[in-house]
Each structure stands twice: as C-alpha cells, then as structure tokens.
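Working notes, structure below.
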Amino acid sequence: MDASVGKTEAQLVAARREHLERLRARSSDPFAQTKYPVDASAAELVARYAFLENGQDASAEAWSLAGRLLGKRTMGKSIFGDLQDSSGRVQLYVRKDDVGEASFADWDDLERGDLVGVRGYMFRSKMGEPTLHVTAFSVLGKALMPLPDKWHGLQDVEKRYRQRYVDLIVNPEVRDTMIMRSRLISEMRRFIDGRGFYEVETPTLLHVAGGAAARPFVTHCNALDQTMQLRIATELNLKRLIVAGLERVYEIGRIFRNEGIDTTHNPEFTMLELYAAYWDVSDMMEFNEELVARLVSVAGDGGDELAHGDATISFARPFARIEYFEGMARYSEGKYTRDGLLDATEAQRILRELGLPPSPSHGHALDKIFERVLEPHLTAPTFVTGYPVLISPLAKRREADPALADRYELFCAGMEISNAFTELNDPDDQRARFEAQIAQRAGGDEEVPEPDWDFVRALEYGMPPTAGIGIGIDRLIMLLTGQRSIRDVMLFPLQRQHG
RNA sequence: GCGCCUUUAGCUCAGUCGGUAGAGCAGCGGCCUUUUAAGCCGUUGGUCCCGGGUUCGAGUCCCGGAGGGCGCACCA
C-alpha cells in the first residue's frame, strides 16, 4: 500500500474503522462472515420484474443477493441504497419498520464501498426505479478505503491502471469492456473447438525464442543454471505438434516482447495461434473471415457493423482482398512496383524518398514502406495476399511464383489483425532461410531471431501440408470494443514501478 | 530516445497580474419513511509531485528530477 497516506485520507480511514468497531460491538462483524446464500443477481431481478408498474410490488417472492453498496441515501427512517454485483446494479430500499430498530442502526455504520448481502422482494418506486425492498441483510465486508467520487468515478488514468480494482468498482464502462473481452475470447474458443481443434499449452520459457522478429526478455533458470528467454511466439512449438500428428491445434496465450510501450503495444500481450494440417492459406482465410464475422456479431449486438471513431466499419462478407504488390503500386500511383521493391538497393532508395531512415535489412525496408504506403488505407477489413518470401521466413512459396509466399494479413482500421500462411514444410528450404537470417543478424538487424535448429530437425521427420494463423487478441478486442488504447482492453497493463 | 501536455483535499476540478488555499462530492454532527448526482442546516480536512533558484513574498516565474498521457522514433 501507498506509504504516504494524506491526512484527509487518514481521517476518512479512521472514520471507517470506527464504523467497523461499532458493527463489531453489535456483533455484526463484517469480517467474521464466511458465505451468503445468493439466489439472484441485480440484472436478473431488474429484468424479471420489468413488468411492475410504478408503486407495484411483488412481495410474495423473496430473493437474496450480495454485492457492494455504491450509494446510500438516508431519508430519516428509511434508506435507499445502490447495490452492485457482477451483473450490474439494483436499488435497495430499507425501512426501520421492516428490519427493526437494532438492525436499522447497522446502516449508520454502512457506507459506500461496503459489502452486503440482502434479502427482500422487488417493487417499482414512485419514480419508476426497480428496487429491492430489503427485509433482512448481513454485512459481509467493510471497505476501509474511501471510494472515488460517486458521479465522476475515477478519472486519473495513472491510478486507474495502477489500482484497476478501484477503476472496475466505480467505472461501469471499464467493467463492460473487460466482460466483453472475456465473452469474445470465450466465443473464440467455442468457434475453434467446434471445428475439431485441440487447445494446447506450450512453454513460455525457452532456450531460443523464435517464430517472430522481436527482442526477447531474458531470464535465468536457477535449477539448470542456464539463461532462458520468454517466448515471442508460439509458432514453432505448435508446428512441432503438427509434425507430431495432432493435426489441429491452437493456443491462446501470453507472448512477451521486450520492446516499446504505446497505445497498441504492451510488452506482454495475448496471441491466438492456430494450425490445421491439410489446410492451405485459402482455407484459413475462410476460417478467419467467419471467425471475425462471428465476433463482430457478438460485439455488435447481432449486426455486421462496428462503430470506429465517427465512422462505421462494415464486416459484411466477403472482406476485400488485394495482392501485396498490387496494393503497393495502387497507393503509390504506380511508382513502387514489384521489381523495384524486390531490389534491395531500390527499396532503400524508396525509404529515402519517403523520408524514412535507412533499414538494417531489405525485409525491414519493405515493412516500413508497407506501413507508410498501404496500411493507412486499410480501414475496411481487407486481406492483403501474396507477401514476398523474403519477409515470410516460415511460409511456403507459391508454386506458380516462388518469390511470393502463400500468405495473407488481415487489416482493419489501419491495424494488423491477423497473419496467416501455408506453412513451409520443406526442411531444406527452412534451413536455407534460417541461414539467410543469420546473415541479416550479422548485418545488424537485431530483431531477427536466432535460428531454432531443432525445428528444422522436426521438419525432417515430415510435416504435413499445413496452414497457420496468428491473431493479436488485444488489438482485435480494441477493434471490437472501440477502445483506442491497448491498456483499455487489458486488466493490468504494465506501468513503471514507483521509485 | 525526442517533442508537447499534465500532476492542487479521499475523488472531480477551480485558483486572474507573484500577495500567503477554494468549490462540489465524500466524511463528521443534525432534520427527513418512495429517493436516485436526493434535499436542507452546520462542520473537519492541504507535503499545491520532488529538489534547487529568483523574489520582501512562489501553487503561480526559472532550472533540474520523477510519475502519467499523447505524438514521433522504435515495434511483423
């Protein structure tokens, strides 16, 4: 806890401790409670009794619910309160006549933030508010810390991230977003499981973090007395499982990349990777389109559109498709052609022309040009297909055009949503591409991973033709919930430790 | 790493030209048995992010530092 508690805050805490002692003195010790029989939720009750007219009650049916008291309006011998549980909020009404003098006195020592269990029946107040008329209650916990402003909630962004529990208590929109995230991931699993995939877990601690271009976090394993790296992708281990014959596998898990932090990057984030033996990239594209359409429907209340800023994005299928080099040419008025981009010297010249710094490698240059030239135009969901092999070290070549990989990326709102390809399963080609990466590393591109030679050996045992996909879950949730910062779709985003 | 913005009561925020700290909510004491940002009366509460400097005097101006946000750079 924060050691520097201000005087005002200390007084507020002291007052709450006095209330606690008074409750204990009347043998209603909040912290002595172990459980409470709950048979309803706030949202359920409000929905179930929607038919009640103003002033009408349903006193024949009693319900018990529990949650946090978020408001208290004392009117002499009666009290209105607001109870919040995980489903939402419902108003409470307590009368001295109903609960008795001794019990009513407990409410003097209850305040915003406390945890209560209540039993009673529903009615609709004169003003039309669905309300639980409380006939009995228990104090289930005491908040010793004062909650933020009841109207403005918690606005201080830093405190919201550092003390997310407070943010979630008082800011309903934050709760809604996090609950929607959970529902969307759950729906994603249901969709995938329904197609015969096994969910698997592969190691987070690795000797060589591969499968992507990123700097890893480095740590040390005491038992082995060896340096370890945190994974930057799950790709290579999942493909080992394809070699092993599991045929359809996926993992939803944390990935760690020791790089910058901004509105679309957090050092640890959640990735879905999925591999299907005997599929090719076009099977994956269809799967991807269906999955995204399904999630849009969940997030968008059954529709196929999502609000994005002031605009609306349609996810009506089929999504747009454009070839990588076609797109580059189109959005450069024909200046950046396939031949030019595939020439390392010309690619560096284009970088200069765009005012970008020189790249440590040809592949890096292509990515920079793509981000500048094409990506900003990809607002509607669009599959960009046919990536150059030189930036696709793990993808299979197109048979008809060996400079290109059978790969696509799905973009939306200027953000990369997924990356998929027919997997390279020729061990000799894979070994050659790893060797090319060693040269890139030597050339100064520190993002290029160290080769994982055991992965080549795995391919030497034979991997069936396979398609794979990676989806950055956090960015997808941002898109689906209309959040502008990755921190607003993560429960506990990374913050610098206080000095 | 660079630039801009920001940090005042538990929370949300004012604070003019440099003149010695304000409001609402919360809390505390009252009144009130259908209110809902309840209302009415009274009232407590401050490391103005930290450290220097200028000044008779700094929340305010200057320098340095820290946290946070945004943008750029970085980041498949």
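Chain A is the first sequence line, chain B the second, and so forth, proteins listed ahead of strands; every chain is numbered from 1. Computed from a predicted structure; not experimentally measured.
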Counting only Watson-Crick pairs (N1-N3 plus N6-O4 or O6-N4) and G-U wobbles (N1-O2, O6-N3), all under 3.5 Å, who is the partner of [N]?
N: B:G42; answer: B:C28
N: B:U60; answer: none
N: B:A21; answer: none
N: B:A37; answer: none
N: B:A66; answer: B:U7
N: B:C72; answer: B:G1

Exercise. Mind checking A:Asp82 for me? I need base, sugar-phosphate or nothing, with any heavy atom below 4.0 Å counting as a touch.
Key: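 No contact.
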Quiz item: Contact class for A:Ser392 vs. all strands (heavy atom < 4.0 Å): base, sugar-phosphate, or nothing?
Solution: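 Answer is nothing: A:Ser392 stays at 4.0 Å or more from every strand.
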Name the pairs: protein N/O against N/O of nucleotides 1-9 of chain B, kept only if under 3.5 Å.
none

Out of [options], whichever nucleotide has its closest atom nearest the side chain of [X]:
X: A:Arg73; options: B:G27, B:U36, B:A73; value: B:U36
X: A:Asp149; options: B:G71, B:U33, B:C25; value: B:C25
X: A:Leu154; options: B:U35, B:U12, B:C28; value: B:U12
X: A:Gln155; options: B:C13, B:G45, B:A73; value: B:C13
X: A:Phe123; options: B:G45, B:U34, B:U35; value: B:U34
X: A:Glu416; options: B:U36, B:G71, B:A76; value: B:A76
X: A:Ala15; options: B:A76, B:G27, B:A73; value: B:G27
X: A:His19; options: B:U36, B:U34, B:G27; value: B:G27
X: A:Ser78; options: B:U35, B:U12, B:U33; value: B:U33
X: A:Gln11; options: B:C70, B:U44, B:U35; value: B:U44

Between [X] and [N], does any side-chain N or O lie under 4.0 Å from OP1 or OP2?
X: A:Arg487; N: B:G69; result: yes
X: A:Gln495; N: B:G69; result: yes
X: A:Arg162; N: B:G68; result: yes
X: A:Lys159; N: B:C11; result: yes

Please report the distance separating the [atom1] of [N] from the corresponding atom of [M], rounded so that it comes out in whole Å.
N: B:C48; M: B:U20; atom1: C1'; value: 13 Å
N: B:C62; M: B:U54; atom1: C1'; value: 7 Å
N: B:U44; M: B:U36; atom1: P; value: 28 Å
N: B:A21; M: B:U16; atom1: P; value: 14 Å
N: B:G15; M: B:U6; atom1: P; value: 12 Å
N: B:G1; M: B:U8; atom1: C1'; value: 31 Å
N: B:G68; M: B:C25; atom1: P; value: 33 Å
N: B:C13; M: B:U34; atom1: C1'; value: 33 Å

Quiz item: Should the ring pair A:Tyr49 and A:Trp63 be called parallel, tilted or perpendicular, given that the plane angle runs from 0 to 90° and is split at 30 and 60?
Solution: perpendicular
Exercise. Could you check A:His364 against A:Gly71 and say which one's nearest nucleotide on RNA chain B is further toward the 5' end?
Key: A:Gly71
Exercise. Starting from the 5' end of RNA chain B, give me the residue, A:His133 or A:Gly153, whose nearest nucleotide shows up first.
Key: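 Going by which nucleotide is closer to the 5' end, it is A:Gly153.
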Quiz item: With a 3.5 Å cut-off and just heavy-atom distances, do the side chain of A:Glu129 and the base of B:U35 make a donor-acceptor pair?
Solution: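 In this structure, the two groups form no donor-acceptor pair.
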Exercise. Kindly confirm or rule out a cation-pi arrangement of A:Arg164 over A:Phe492, judged by NZ or CZ under 6.0 Å from the six-membered ring centre and within 45° of its axis?
Key: no
Quiz item: So, A:Phe319 versus A:Tyr408, ring centres under 6.0 angstrom or not?
Solution: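 No, they do not, as the ring centres are separated by 6.0 Å or more.
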I need the [atom1]-[atom2] distance between [X] and [N], as an integer number of Å.
X: A:Met75; N: B:U34; atom1: CE; atom2: P; value: 6 Å
X: A:Tyr121; N: B:U34; atom1: OH; atom2: P; value: 13 Å
X: A:Lys368; N: B:C72; atom1: NZ; atom2: P; value: 12 Å
X: A:Asp367; N: B:C74; atom1: CG; atom2: C1'; value: 13 Å
X: A:Leu70; N: B:G10; atom1: CG; atom2: P; value: 21 Å
X: A:Tyr93; N: B:U33; atom1: OH; atom2: P; value: 9 Å
X: A:Phe411; N: B:A76; atom1: CZ; atom2: P; value: 12 Å
X: A:Leu356; N: B:C74; atom1: CG; atom2: C1'; value: 12 Å

Quiz item: Do A:Arg484 side-chain atoms and A:Gly309 backbone N/O form a donor-acceptor pair below 3.5 Å?
Solution: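 No, A:Arg484 side chain to A:Gly309 backbone: no donor-acceptor pair under 3.5 Å.
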Practice problem: With salt bridge (charged side-chain N to carboxylate O under 4.0 Å, His left out) as the test, would you mind laying out the steps for A:Arg162 and A:Asp156 before giving the verdict? | Solution: CA-CA 10 Å; A:Arg162 287 190 194 277; A:Asp156 183 308; over 6 Å; no
Is a salt bridge present between [X] and [Y], judged by a nitrogen-to-oxygen distance below 4.0 Å?
X: A:Asp108; Y: A:Arg22; value: no
X: A:Asp82; Y: A:Arg112; value: no
X: A:Arg431; Y: A:Glu435; value: no

Quiz item: Looking at A:Asn419, A:Thr385, A:Val281, which hits side-chain contact (heavy atoms from CB on, under 4.5 Å) with A:Arg407?
Solution: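 Testing each of A:Asn419, A:Thr385, A:Val281 against A:Arg407, the sole residue satisfying side-chain contact (heavy atoms from CB on, under 4.5 Å) is A:Asn419.
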Quiz item: Taking side chain as C-beta onward, heavy atoms only, is A:Ile255 less than 4.5 Å from A:Arg231?
Solution: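 SC-SC contact between A:Ile255 and A:Arg231 confirmed.
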Practice problem: Assess whether side-chain contact (heavy atoms from CB on, under 4.5 Å) is satisfied between A:Ile169 and A:Leu154, documenting all intermediate values. | Solution: CA-CA 9 Å; A:Ile169 289 169; A:Leu154 184 62; over 6 Å; no
